[in-house]
Amino acid sequence: MGSSGDAWKLKDHPKLPKGKTVAVIVLDGWGEAKPNEYNAISVAETPVMDSLKQGAPEHWRLIKAHGNAVGLPTEDDMGNSEVGHNALGAGRIFAQGAKLVDLALASGKIYDGEGFKYVQECFEKGTLHLIGLVSDGGVHSRLDQLLLLLKGAAERGAKRIRVHALTDGRDVLDGSSVGFMETLENDLAKLREQGVDARVASGGGRMYVTMDRYENDWDVVKRGWDAQVLGEAPHHFKDPVEAIKKLRQEPNTSDQYLAPFVIVDDNGKPVGPILDGDAVVTFNFRADRMVMLAKALEYEDFDKFDRVRVPKIHYAGMLQYDGELKLPNKYLVSPPEIDRTSGEYLVRNGVRTFACSETVKFGHVTFFWNGNRSGYFDEKLEEYVEIPSDSGITFNVKPKMKALEIAERTRDAILSHKFDQVRVNIPNSDMVGHTGDIKATIEACKAADDGVKMILEAIEQVGGIFLVTADHGNAEDMVKRNKKGEPLLDKNGNIQILTSHTLEPVPIAIGGPGLLPGVRFRTDLPTGGLANVAATFMNLHGFEAPSDYEPTLIEVVDN
Ligand SMILES: O=C(O)[C@@H](CO)OP(=O)(O)O
Ligand SMILES: [Mn+2]
Ligand SMILES: [Mn+2]
């Protein structure tokens with residue numbers, strides 16, 4: 001594409017009119033699965049979503065939201081918000097971070113780049129610190145990638161390595177952090193045998209330590225900073241596996257919320273604070289939950305918490321997490337180049353756009369939607385509204401979250417006639433689903449359905465069009481299953497709760513008084529996925545999608 005305005009001009013759709021208000025609603029973590037007692041969506045009262053389903057096959061269908069359809073390495077990879085919203089917004093499938101890191105490690109190219117060379121400069125005199133999520137969840141990071149990186153760094157001169165491990169239990173089963181830490185410890189022991197001083201230095205649960213997002217709660221990042229950089233934490237252990245086992249016995253805790261700890265030597269001294277002259281790599285490939293730490297590590301001017309001591313380090317991210325902020329400046333693997341997103345096209349074609357969610361998902365319908373880019377394309381045509389999320393709680397205690405507030409603001413945006421597209425993420429089924437609390441998740445699904453109802457009523461009033469879909473599954477299956485699909489029990493005979501996303505497809509529904517009677521889902525795209533949605537809503541705005549976009553899901557038949 002050239003840089004002239006013409007390059008952005010979208011062709012008129014031959015049959016569909018312009019000027020309709022289009023609501024694009026993304027239910028986070030709302031997949032489709034057989035009804036049963038562990039399917040919180042089927043158990044919940046969801047009259048609006050149920051009624052949309054009655055519109056099948058013309059106005060309701062399923063689309064793929066996991067694996068290759070969203071640029072992940074394998075069909076066993078569940079979907080997630082980053083890849084899901086990237087695909088929804090970009091209308092094309094990009095090889096995503098997980099895959100790009102796999103390729104860079106396999107070819108060895110990761111070690112030839114500027115980012116690795118930059119951290120390597122510290123290997124002679126300093127310590128290499130690796131900070132990130134230790135699990136095989138594949139949403140934010142992968143343990144096998146960390147192990148390869150450890151080995152590769154040691155082979156290339158790292159003599160002293162410290163891992164700052166965040167425990168998961170959200171993309172993987174709660175309790176699995178013990179096993180992951182054992183695997184990591186095994187590999188570190190092998191490195192020690194080879195003369196590399198390699199150890200775990202600190203740890204903590206991802207939701208309580210470090211991995212906050214969209215600046216919802218800086219205390220989370222501060223707890224991590226204290227442990228990782230300053231070597232200060234409420235709990236001291238000599239052995240990280242023992243640390244996890246012990247801390248898991250505290251009341252009301254889980255892998256996700258484990259208290260921060262540091263590993264100390266025989267004299268009680270922390271083994272791995274981050275010091276001047278050290279190198280740091282944050283090994284998560286996914287952006288949202290690393291951006292805040294990246295700012296703390298990289299920015300000279302920083303007032304979000306008192307860093308106490310700011311070490312002079314060489315810092316690189318596994319990827320660059322924010323292309324617009326160029327954050328971090330150095331990185332090991334180039335991120336997917338998600339360009340020419342639907343958001344940018346539509347704005348450049350005059351479509352006035354409103355986007356809204358609460359803090360914990362705000363960046364999903366802005367940053368991820370726009371190809372991991374923060375900020376507006378055209379301030380005059382866009383308004384992004386963030387409803388502040390509650391912080392410091394697990395969302396099962398408030399399963400309604402801010403669904404009502406999101407819906408109200410969106411309703412008002414629709415009724416104001418100031419926007420052509422209103423785009424929202426309703427987070428409940430995902431955020432509460434991740435807590436593993438089935439009862440609360442059922443309430444969450446009802447709250448999301450209520451939110452959809454309010455938005456659809458506003459669309460009805462203005463004669464608009466709606467498109468309702470989801471970014472990946474979560475709440476539709478809350479139990480770990482065997483290959484036959486039967487619920488798995490733990491050694492006490494209790495079901496194993498599934499806190500993670502799933503591999504299930506997600507629904508997509510279209511409708512509203514502004515939808516021409518002849519518009520219906522095509523039948524020749526049975527494998528359609530999230531990346532087909534952008535062309536679909538571009539059509540609903542009266543435009544043809546760019547030719548390299550994944551094809552639209554709809555056709556217009558003459559009645
Ligand atoms: O909470 C998150 O970070 C992920 C799960 O790891 O969920 P989502 O992709 O829905 O944001
Ligand atoms: Mn999501
Ligand atoms: Mn999620």
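Remember, it's 1-based here, ligands and their atoms both numbered in the order they're listed. What's counted below: heavy atoms across the whole structure, side chains too, no hydrogens, waters or symmetry copies. Note that the numbering runs from 1 along the sequence shown for the chain.
- Ring pair F305/W225 is perpendicular by interplanar angle, where above 60° counts as perpendicular and below 30° as parallel.
- Per-residue contacts place D28 under 4.0 angstrom from the following atoms of ligand 1 (heavy atoms of the residue considered): 10 (O).
- Backbone or side-chain N, O or S atoms of H434 reach the Mn ion (ligand 3) at under 2.8 Å.
- For an aromatic pair to be called close, the ring centres must be under 6.0 Å apart, and H85 with F367 fails this.
- Note on D28: its N/O/S atom closest to the Mn ion (ligand 2) is OD1.
- The protein atom (non-hydrogen) at minimum distance from atom 5 (C) of ligand 1 is D171 OD1, 3.0 Å.
- Close contacts between ligand 1 and N80 involve ligand atoms 9 (O) [criterion: under 4.0 Å to a heavy atom].
- The closest protein non-hydrogen atom to atom 10 (O) of ligand 1 is S81 OG, 2.6 Å.
- Between W369 and Y384, the distance from one ring center to the other does not fall under 6.0 angstrom.
- Between R206 and the options D212, D255, D171, D174, a salt bridge (charged side-chain N to carboxylate O under 4.0 Å, His left out) holds for only D171.
- Below 30°, between 30° and 60°, or above 60°: for Y345 and Y549 the angle between ring planes is above 60°, a perpendicular geometry.
- For ligand 1, the atoms closer than 4.0 angstrom to any heavy atom of H472 are 10 (O).
- Those atoms of ligand 1 with a heavy atom of R206 less than 4.0 angstrom away are 1 (O), 2 (C), 3 (O), 5 (C), 6 (O).
- Which of R170, E82, H85, R213 comes nearest to atom 11 (O) of ligand 1 through a heavy atom is settled by distance: it is R213.
- Close approach of ligand 1 to R289 is summarised as follows: ligand atoms under 4.0 Å from at least one heavy atom of the residue are 1 (O), 2 (C), 3 (O).
- Of all the atoms in ligand 1, the ones that sit under 4.0 Å from a non-hydrogen atom of K361 are 8 (P), 10 (O), 11 (O).
- To the nearest 0.5 Å, the span separating NE2 on H66 from CD on E75 amounts to 4.5 Å.
- Applying the salt bridge (charged side-chain N to carboxylate O under 4.0 Å, His left out) test between R142 and each of D77, D102, D136 identifies D102 as the sole match.
- Ring-plane geometry between H541 and F537 is classed as perpendicular, the angle between the planes exceeding 60 degrees on a 0 to 90 degree scale with a lower cut at 30.
- Under 4.0 Å from ligand 1, not a single heavy atom of M431 appears.
- For the pair H140 and ligand 1, the shortest N or O to N or O distance falls below 3.5 Å.
- A donor and an acceptor atom, one from each side chain of T359 and E386, are located under 3.5 Å apart.
- The distance from the CG atom of D288 to the CG atom of D322 is 11.5 Å, given to the nearest 0.5 Å.
- Side-chain contact check for Y376 and T366: no donor-acceptor pair (N or O, by modelled atom type) lies under 3.5 Å.
- Rounded to 10 degrees, the OD1-metal-NE2 angle spanning D430 and H501 at the Mn ion (ligand 3) equals 90°.
- Interface of V139 with ligand 1, defined as ligand atoms under 4.0 Å from a residue heavy atom, comprises 6 (O).
- Contact annotation: M211 has no heavy atom less than 4.0 Å from any atom of ligand 1.
- Geometry about the Mn ion (ligand 2) gives an angle of 90° between OG of S81 and OD2 of D471, rounded in steps of 10 degrees.
- For ligand 1, the atoms sitting less than 4.0 Å from at least one non-hydrogen atom of H364 are 11 (O), numbered in the order shown with element in parentheses.
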